[in-house]
Number of protein chains: 2
Amino acid sequence: MSHDDVYPASLQCGDCPIRHRAVCARCEANELDELESVKYYRSFEAGQTVVWSGDQMDFVASVVSGIATLTQTLEDGRTQMVGLLLPSDFVGRPGRERAAYNITATTDILMCCFRRKPFEEMMDRTPHIAQRLLQMTLDELDAAREWMLLLGRKTAREKIASLLSIVARRDASIRHRGGGNSLTFDLPLTREAMADYLGLTLETVSRQISALKRDGVIALEGKRHVTVPDMERLLLEAGDDSDGGLLT
Amino acid sequence: MSHDDVYPASLQCGDCPIRHRAVCARCEANELDELESVKYYRSFEAGQTVVWSGDQMDFVASVVSGIATLTQTLEDGRTQMVGLLLPSDFVGRPGRERAAYNITATTDILMCCFRRKPFEEMMDRTPHIAQRLLQMTLDELDAAREWMLLLGRKTAREKIASLLSIVARRDASIRHRGGGNSLTFDLPLTREAMADYLGLTLETVSRQISALKRDGVIALEGKRHVTVPDMERLLLEAGDDSDGGLLT
DNA sequence: ACCAGGATTTGACCCATATCAAGCAAGGCA
DNA sequence: TGCCTTGCTTGATATGGGTCAAATCCTGGT
């Protein structure tokens, strides 16, 4: 209901901004045509819940634009973010009827949805889709494992520094700013969402951000706009193994 | 070197104990034959390292028997387990040259290895393999996410109870023991490995196990043999959402 | 049976982070 | 214009789990 139904002018796959990164990345023209016939768009406003864990879910989807989060909760309300959905990320699981997590739009988002049954059938016939999905899933698994290291073993300060580096890198629409290797970006998450991401309380997040600011590791303009004067320094604070990641 | 080279009498895929659960689960007879031609066995003794993170890795494999762990470390030595490899689990990643994690044998293990290149080529030609691998990877991703909730939000006591329930369930070669719904099993991990699994110190693990024992949630025989008199109670202590999992 | 070394338990103490509580800043709206 | 609400910061205090240290248990070797 409400505003979910503000659809964009029907978008052609050929012009899609995530054409080369999403599940459909490897598809041939004819395969795209077939996908096109089962696809439809949905949009959600910042703050809206896309699906609740346990809900029937008869579609899978790609995030076209905007940011959403995947969260799990304990009965008493403690919640942990288990995934951050960025443009081109895949939502849902083929073969699964019900959502396993809560999905919430953090910003306004647009999703390219596929009816689940047709998509599953197509997956069986179209190796290009399954191959791409496997690759994406393996990447997510790697990300989840790096995140596990963060949750299990990093200090609050390292957690914040890690999150900031991730966002900075991702925002690798790297608009350099000023001289040197300084960069700036906007935090796409509230303090509370960051806390849920990092397994902390929002107060601790706030304190650690203040501390990093006080120590000159970052600068803030408003609450959300961050400048990193020295990326090396930030990475050092994140405590990651310095031998460079395996992935570019 | 050393004892890696105690191979079993060449095992036929048809008789393989993990035939119906591993990557090869969906393969037809002729596909199995092809796999058979690039497979070889390796075994490792408890405590041995199978590969170091960063090492060249020119094979992928299935765990046939025994238990191994996947761990990540920070420069200063803090380590976090990011995966527990049980029989039928897949090791390595197609398309990746170097290991991303340390793999260590916790018990004596036997692995069914495939040379990576031929395996990758075969994957492109054999949807049955890619399909099964996708399914397994999605399952692992779910497991990783549940684990993230544990690492980020559970108390030490809940963490221990969760680990015990997982091991108990897995050991669902459920040899019921005595009356009621009590069950027994052996912990396949040292206290230190449990600590690395749970993001705790080994002392805290020990204390919480003692506490659960004191409170009658579990009983111990020796250090490793556990009896759970009341599984319900243990699950309650684990703090998991009670609405039942989605998976059987 | 005796010893050595690793695994485990237990105790005392401390600190990082949670909890509880108050106050501030900015935007929406009556 | 001033009130509310939402998001954020900061302070005071409590506490769960970490750290350091020692004792005990267990196993294999001799």
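In what follows, chains carry the letters A, B, and so on, assigned in the order in which the sequence lines appear, proteins first and then strands, with residues in each chain numbered from 1. This structure is a prediction, so every number in the text was calculated from the model and none was measured.
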Touch check for A:Arg224, heavy atoms < 4.0 angstrom, all strands: base, sugar-phosphate only, or nothing?
sugar-phosphate
Between CG of A:Leu220 and C1' of D:dT10 the distance, given in whole Å, is 15 Å
Flag the pair B:Glu203 and B:Arg207 as a salt bridge only when some basic side-chain nitrogen lies within less than 4.0 angstrom of an acidic carboxylate oxygen.
no
Under 4.0 angstrom, heavy atoms only, what part of the nucleic acid is B:Leu200 near: base, sugar-phosphate, or nothing?
sugar-phosphate
Between CD of B:Gln208 and P of C:dT8 the distance, given in whole Å, is 16 Å
Rounding to a whole Å, what distance do you find between A:Leu202:CG and C:dT19:C1'?
12 Å
Matching residue for A:Arg145 among B:Gln80, B:Glu140, B:Gln72 - test: side-chain hydrogen bond (donor to acceptor under 3.5 Å, both in side chains)
B:Glu140
Compare the minimum distances between each of D:dT10, C:dG11, C:dT8 and the side chain of B:Arg207, then state the nucleotide with the smallest one.
C:dG11
Could you tell me the separation between the CD atom of B:Glu221 and the C1' atom of D:dC25, rounded to a whole number of Å?
16 Å
Using a 4.0 Å heavy-atom cut-off, does A:Gly47 contact any base of the nucleic acid, only the sugar-phosphate backbone, or nothing at all?
nothing
Integer-rounded Å distance: D:dC26 P and B:His225 NE2
15 Å
Determine the sole option in A:Arg169, A:Lys154, A:Lys159 for which the salt bridge (Lys or Arg N to Asp or Glu O under 4.0 Å) test with A:Asp240 is passed.
A:Lys154
Contact class for B:Thr201 (heavy atom, under 4.0 Å): base, sugar-phosphate, or nothing?
base
At under 4.0 Å between heavy atoms, what does A:Arg78 touch on the DNA or RNA strands: base, sugar-phosphate, or nothing?
nothing
Let me know the distance between CD of B:Glu158 and P of D:dG16, rounded to the nearest Å.
12 Å
Between C:dT17 atom C1' and A:Lys159 atom NZ, what is the distance in whole Å?
9 Å
Heavy-atom nearest nucleotide on DNA chain C for A:Lys223 versus A:Thr204: which residue maps closer to 5'?
A:Thr204
Ignoring hydrogens and angles, does a donor from either the side chain of B:Glu203 or the base of D:dC20 sit under 3.5 Å from an acceptor on the other?
yes
With rounding to the nearest 0.5 Å, note down the distance linking OG1 in A:Thr155 to CZ in B:Arg78.
6.0 Å
From the set D:dG17, D:dT19, D:dT9, return the single nucleotide nearest to any side-chain atom of B:Ala156.
D:dG17
Please verify the inter-ring angle class for B:Tyr197 with B:Trp147; under 30° counts as parallel, over 60° as perpendicular, anything in between as tilted.
parallel
Between atom CG in B:Asp186 and atom P in C:dA7, what is the gap in whole Å?
17 Å
Tell me what B:Ser210 touches on the nucleic acid: a base, only sugar-phosphate, or nothing, going by heavy atoms under 4.0 Å.
sugar-phosphate
